[in-house]
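All remarks here apply to the structure that follows.
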Amino acid sequence: MNHYWFEYRPYDRPFKQPLHTHHGWWSNRQGIILRLTSANGQVGWGEIAPIAWFGTETLAQALAFCRSLPSKLAAAAIEHIPASLPACRFGFESALEMMQISTTSITFASPSPHQLGAVHNSYLLPTGEAALHAWQPLVTAGVNTFKWKIGVANLEDELQIFNHLMQKLPADVRLRLDANGGLDYYQAYQWLQTCDRLSGHTATVEFLEQPLSKHQLKEMLQLAERVQTPIALDESVATFEQLEACYTQGWRGMFVIKPALIGSPQQLRNFCQQYCLDLVWSSALETPIAQYFIQHVLIPSIPVVQHRAIGFGVDQWFNDAWTTEGNFEQLWQSLSLTGTIE
Ligand SMILES: O=C(O)CCC(=O)c1ccccc1C(=O)O
Ligand SMILES: [Mg+2]
């Protein structure tokens, strides 16, 4: 029988400034780092980074799952992680895939300002009026795609800030709007009509992300027929089973995929190789461990239908050891041992 030595350590990273979404204020990113070691000493790093409000298991459920596993872990146990624990599935399966890669020489570092534009990344702007100025240094550094959260304040105020933002942004900028399911049908229609009217005169609105709740796919299918501005599903396709269901129910628009939340990377790969989906890769604000797997292993293995910026411009939300130069072993050492002692 194939076994791995299994260790895990929880992490808790404060955001530099709290992130405001339709679901409220978010101030800390918490998750679990996994370390699997094979009989011949190869190490596979993995990360469980659940977001319960987004539709995954809770951190407590993920921790309980890790605690329930023996430290000498059978390979079969990883194959049988239930679909109800999608972030755990991702963490363990990606750790197994990472074991095939020699990670000792990998170092990571946030890009220096002059490198920012080199990777085609979308950058998350602060919510509300703060966006009106936050884009400027990033554009100077070469960034041309941004995401801005909406569905947080009242409609008229937000539309007014949006108007200002569209007037200020350079013409070659693409702006993504993310409502996190916080609009009703009428509000979403108003947003989309406004986007249709403003987009392309100065900056372009690339898409409106998850205008309605994940239970309103029919309404989003209807909205998509009434406007030009594309709609992208996000919360509706948080897990693999939801992605399959939305595709089956006829969604052929854009899909925002957060691999760290969706479940099995192999299942996602198979699905994307079979059907041509218009994908937007998106960060779940995970650490460089899941980020490395997603950007250097998973994304390159999936065919591109439409080139789009990846939503991993999120480093500016953190200000800790994980965003400065380091390697996986150093990050691991910086975490407390509570996860393995408990
Ligand atoms: O997708 C991006 O560009 C940035 C990541 C992002 O917006 C996000 C990050 C964590 C949790 C939810 C979301 C979201 O898209 O709603
Ligand atoms: Mg989103």
Side-chain angles (χ1 to χ4, degrees), residues 13-31 47-59 86-87 90 110 116 119-128 130-131 134-135 138 143-152 173-183 188 191 205-214 216 220 230-239 242-243 246 251 253-262 278-288 290-291 294-295 298-299 308-318 323:
R13 308 174 71 193
F15 293 130
K16 222 190 281 180
Q17 56 185 101
L19 175 58
H20 200 187
T21 78
H22 177 68
H23 299 274
W25 289 91
W26 196 12
S27 60
N28 289 61
R29 186 67 174 106
Q30 297 175 306
E47 176 176 348
I48 304 174
I51 307 178
W53 59 258
F54 204 85
T56 72
E57 70 270 47
T58 62
L59 178 69
F90 169 84
S110 352
L116 283 181
V119 226
H120 199 33
N121 242 317
S122 167
Y123 278 73
L124 185 58
L125 291 172
T127 311
W135 60 269
L138 292 160
V143 173
N144 68 358
T145 307
F146 295 100
K147 181 190 269 195
W148 187 52
K149 297 286 187 186
I150 64 166
V152 178
V173 161
R174 295 162 80 81
L175 182 64
R176 303 170 169 184
L177 300 177
D178 189 358
N180 284 109
L183 306 176
W191 267 107
V205 178
E206 189 179 5
F207 54 78
L208 171 60
E209 186 170 321
Q210 197 70 37
L212 309 181
S213 92
K214 62 182 176 189
Q216 293 176 286
M220 288 189 278
I231 295 174
L233 301 183
D234 189 16
E235 280 87 338
S236 288
V237 295
T239 66
Q242 290 174 301
L243 171 64
C246 287
W251 185 264
M254 301 170 63
F255 296 87
V256 176
I257 302 291
K258 293 180 168 54
L261 307 183
I262 206 163
D278 188 350
L279 299 176
V280 182
W281 297 107
S282 169
S283 155
L285 302 173
E286 59 282 299
T287 77
Q291 243 190 56
I294 293 166
Q295 293 194 41
L298 182 65
I299 294 178
R308 297 194 184 272
I310 60 173
F312 283 83
V314 291
D315 278 348
Q316 78 277 20
W317 289 86
F318 296 103
T323 50

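Order of listing sets the numbers, starting from 1, for every ligand and every atom in it. Worth knowing before you read on, the calculation uses all heavy atoms, side chains too, and leaves out hydrogens, waters and symmetry mates.
- In this structure, Trp26 and Trp53 have perpendicular ring planes: the angle between them is above 60°, well past the 30° mark.
- Side-chain atoms of Lys16 come within 3.5 Å of backbone atoms of Gln316 as a donor-acceptor pair (strictly under, hydrogens ignored).
- For the Mg ion (ligand 2), protein N, O or S atoms closer than 2.8 Å were enumerated as Asp178 OD2, Glu209 OE2, Asp234 OD2, with waters left out.
- Using a distance-only test at 3.5 Å, with no hydrogens or angles considered, a donor-acceptor pair links the side chain of Glu57 to the main chain of Ala87.
- Remark: Glu286 pairs with Ser283 by the side chain to side chain donor-acceptor pair (under 3.5 Å) rule, at least two apart or across chains.
- Within the 3.5 Å criterion, the main-chain N or O of Ala49 finds a donor-acceptor partner in the side chain of Arg29.
- Panel note: side chain Arg176, backbone Leu124; no donor-acceptor pair is recorded below 3.5 Å.
- For a heavy-atom separation below 4.0 Å, the residues in contact with ligand 1 are Trp26, Ile51, Trp53, Phe54, Lys147, Lys149, Asp178, Asn180, Glu209, Asp234, Lys258, Ser282, Ser283, Ala284, Leu285, Gly311.
- For Thr56, the side chain to side chain donor-acceptor pair (under 3.5 Å) test picks out no residue, with sequence neighbours left out.
- Under a 3.5 Å cut-off, the side chain of Thr145 and the backbone N or O of Ala309 do not form any donor-acceptor pair.
- Remark: the backbone N or O of Asn180 is not paired with any side-chain donor or acceptor of His22 at under 3.5 angstrom.
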